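Notes for the one structure printed next.
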Amino acid sequence: MTRATRTLCLFHLAGNALLLWLGYYWLGVGESSTARLAWSALVALALGCLTLWLHGAAFAYFRASDRSSLTTALRTALRSLPPLVVLGIAALGIYLLLAWWRDYSSQPAFKIASYLTLKLRKPLKPAAVWSAFNVVLWLVRWVALPVILLPLAAEVAGRGWSGFRGEAWKLSNRKLYWVGAPLLLLCALWVPFRLILWAPRVSGFGMEMTSFLIRQAVAYLLFVGAWLLLEFLSSGGRPLLSQVKTADSP
């Protein structure tokens, strides 16, 4: 591991902690007045931009052919912040639409179950159709979309607006990436929460507090490490996929 890579890891350890604290602070901001509402919106905007800049820097760093300096990646991600914001808003809109569909899908599930029951002459529970909808929705939210959006984010972080016309699709066509990316996303989001919520049986307040602190630390390290690995994997399209293969000169 190079010095710049170690610096990136330390930068993410501190930066993600700051983002988590800022998110916790934003949740506690009241909206009882216009001033508080404006302040809440400003904090949310700062939280989103800092998140995109922090993780955009990792994308830009892992995507670059020269990884000797983290400063260059930070500057590249800062220049690419406007298109990253556009991509982030688009991704947020897609996930909000999927959340709306999850709440709405019970109605078409009931209609489909009634139609199939009429045609097949065999009772089919609407709950079974709705469960099938939810399985497909889960695969779209946590497998298909991340596999498509993360390489695109890496392209945009490294190339700015021209990254939307990049070659992210080459990485998303790799079968190994379709397996690795969802697994890393699972380790970055689901496993840390399960680890924090896990309550082992220990005796005494001191042991309970020690267990809680250890689980918090391990969950946070797993969160940061899995995200960095995911960003490394998602940035593999540059320069690896674009490298021209040439024969060795005699």
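Quantities reported herein were computed from a predicted structural model and do not represent experimental measurements. Every heavy atom of this structure was used, including side-chain atoms; hydrogens, water molecules and symmetry mates were not.
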Does any non-hydrogen side-chain atom of [Y] lie less than 4.5 Å from one of [X]?
X      : Y      : result
Thr2   : Ser68  : no
Pro151 : Tyr177 : yes
Arg215 : Trp198 : yes
Val156 : Val86  : no
Arg165 : Ser162 : yes
Trp227 : Val224 : no
Leu54  : Thr51  : no
Leu84  : Trp53  : no

Nearest 0.5 Å, what's the [atom1]-[atom2] distance between [X] and [Y]?
X      : Y      : atom1 : atom2 : value
Phe212 : Glu208 : CZ    : CD    : 11.5 Å
Leu70  : Arg75  : CG    : CZ    : 11.0 Å
Leu228 : Leu13  : CG    : CG    : 8.0 Å
Leu233 : Leu150 : CG    : CG    : 9.5 Å
Leu92  : Leu87  : CG    : CG    : 11.0 Å
Ile148 : Ser234 : CD1   : OG    : 12.5 Å

Any chance you could lay out the side chain to side chain donor-acceptor pair (under 3.5 Å) test for Thr5 and Tyr61, step after step, and finish with the verdict?
CA-CA 9 Å; Thr5 303; Tyr61 175 80; 2.6 Å; yes
For [X] and [Y], which heavy atoms make the closest approach, and how far apart are they?
X      : Y      : answer
Cys49  : Leu81  : O-CD1, 3.8 Å
Thr76  : Ala157 : CG2-O, 3.4 Å
Phe232 : Arg67  : CE1-NH1, 3.7 Å
Pro200 : Ser211 : CG-OG, 3.3 Å
Ala60  : Ala73  : CB-O, 3.9 Å
Gly56  : Ala77  : C-CB, 3.5 Å

Under 30°, 30 to 60°, or over 60°: which ring-plane class applies to Trp142 and Tyr95, parallel, tilted or perpendicular?
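Geometry flag for Tyr95 against Trp142: tilted rings.
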Hydrophobic cluster identity match, [X] and [Y], side-chain contacts under 4.5 Å:
X      : Y      : answer
Leu197 : Met207 : no
Leu50  : Leu10  : yes
Leu184 : Leu221 : yes
Val143 : Leu189 : yes
Ile94  : Phe164 : yes

Residues 38-45, side-chain donor-acceptor partners within the protein, below 3.5 Å, at least two apart:
residue: Trp39; atom: NE1; partner: Tyr25; partner atom: OH; Å: 2.9
residue: Ser40; atom: OG; partner: Trp26; partner atom: NE1; Å: 3.1

Distance-only criterion, 3.5 Å: show the donor-acceptor pairs between side-chain atoms of residues 126-141 and protein atoms not counting sequence neighbours.
residue: Trp130; atom: NE1; partner: Ser105; partner atom: OG; Å: 2.8
residue: Ser131; atom: OG; partner: Ala127; partner atom: O; Å: 2.8
residue: Asn134; atom: ND2; partner: Trp130; partner atom: O; Å: 3.4

salt_bridge(Glu155, Arg63) N-O dist < 4.0 Å
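Yes, this pair counts.
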